[in-house]
Amino acid sequence: MNAFHLGYMRWDEANIACAKLGDGWRLPTKDELNILYENRKKLGYFTSSDYWSSTESSEDAAWGEDFTNGKQFKSTLYYKKGVLAVRSL
């Protein structure tokens, strides 16, 4: 999996920004985001504490993960969080 940090934005903006990168780029799922967290020291490019996943938890919320402690959380879609675009190899 390739990953690319896009900055900080709301969940809807994050999905659009990932799609604009081209074929196959998207937000990681909740599980993929946790794999990135577990490998963060090897990968070394995380600049935010909180990142969005593509996994929705309700109509107006999605899952994210705190990269300082690995805790996953539900957050309202209009908050700005870090955005990682991923693409399967």
Side-chain angles (χ1 to χ4, degrees):
M1 176 178 7
N2 289 337
F4 184 65
H5 187 273
L6 296 178
Y8 307 90
M9 56 195 84
R10 296 185 327 251
W11 190 78
D12 60 332
E13 295 170 326
N15 281 293
I16 292 167
C18 289
K20 284 183 179 179
L21 289 175
D23 190 37
W25 288 98
R26 58 183 171 73
L27 282 175
T29 65
K30 179 183 173 194
D31 293 337
E32 290 170 332
L33 190 60
N34 192 60
I35 291 168
L36 290 169
Y37 167 76
E38 290 173 351
N39 291 284
R40 70 195 180 284
K41 291 182 181 172
K42 293 177 198 170
L43 299 171
Y45 52 76
F46 303 103
T47 60
S48 176
S49 58
D50 294 343
Y51 286 96
W52 282 120
S53 83
S54 63
T55 309
E56 295 181 72
S57 61
S58 69
E59 185 176 300
D60 62 347
W63 285 94
E65 187 157 349
D66 184 333
F67 271 45
T68 60
N69 60 24
K71 293 189 183 209
Q72 293 189 321
F73 57 85
K74 298 174 189 176
S75 182
T76 306
L77 301 177
Y78 61 82
Y79 287 117
K80 289 187 177 184
K81 306 217 176 292
V83 176
L84 293 170
V86 297
R87 180 174 65 173
S88 297
L89 298 174

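Since the model is a prediction, treat every value here as computed from it, not as a measurement.
Glu32 pairs in a side-chain contact (heavy atoms from CB on, under 4.5 Å) with only one of the listed residues (Asn34, Leu36, Thr29), which is Thr29.
Under a cut-off of 6.0 angstrom, the local environment of NZ in Lys80 is sparse, with at most 12 non-hydrogen atoms contributed by other residues, nucleotides or ligands. Atom OH of Tyr8 is surrounded by more than 12 heavy atoms from other residues, nucleotides or ligands within 6.0 Å.
Looking only at distances, a side-chain donor or acceptor of Trp52 sits under 3.5 Å from a matching main-chain atom of Met9. Side chain of Gln72 to backbone of Lys30: a donor-acceptor contact under 3.5 angstrom is found.
Side-chain contact between Phe73 and Asp50 is present, with at least one heavy-atom pair separated by less than 4.5 Å. Under the 4.5 Å side-chain criterion, counting only non-hydrogen atoms from C-beta, Lys74 is in contact with Trp63. Looking at heavy atoms from C-beta onward, Leu33 lies in side-chain contact with Leu84 at the 4.5 angstrom threshold. Using a 4.5 Å heavy-atom threshold, the side chains of Glu65 and Tyr51 count as separate.
Nearest heavy atoms, Trp11 versus Ala62: NE1-CB, 3.6 Å. Contact detail for Arg40 and Phe67: the closest heavy-atom pair is NE-O, 3.7 Å.
To the nearest 0.5 Å, the span separating OG on Ser53 from CZ on Arg26 amounts to 11.0 Å. The distance from the OH atom of Tyr37 to the CG atom of Leu43 is 13.0 Å, given to the nearest 0.5 Å. A distance of 8.5 Å separates CG of Leu6 from CG of Leu27, quoted to the nearest 0.5 Å. Here the OG-NZ distance, from Ser75 to Lys81, works out to 3.5 Å after rounding to the nearest 0.5 Å.
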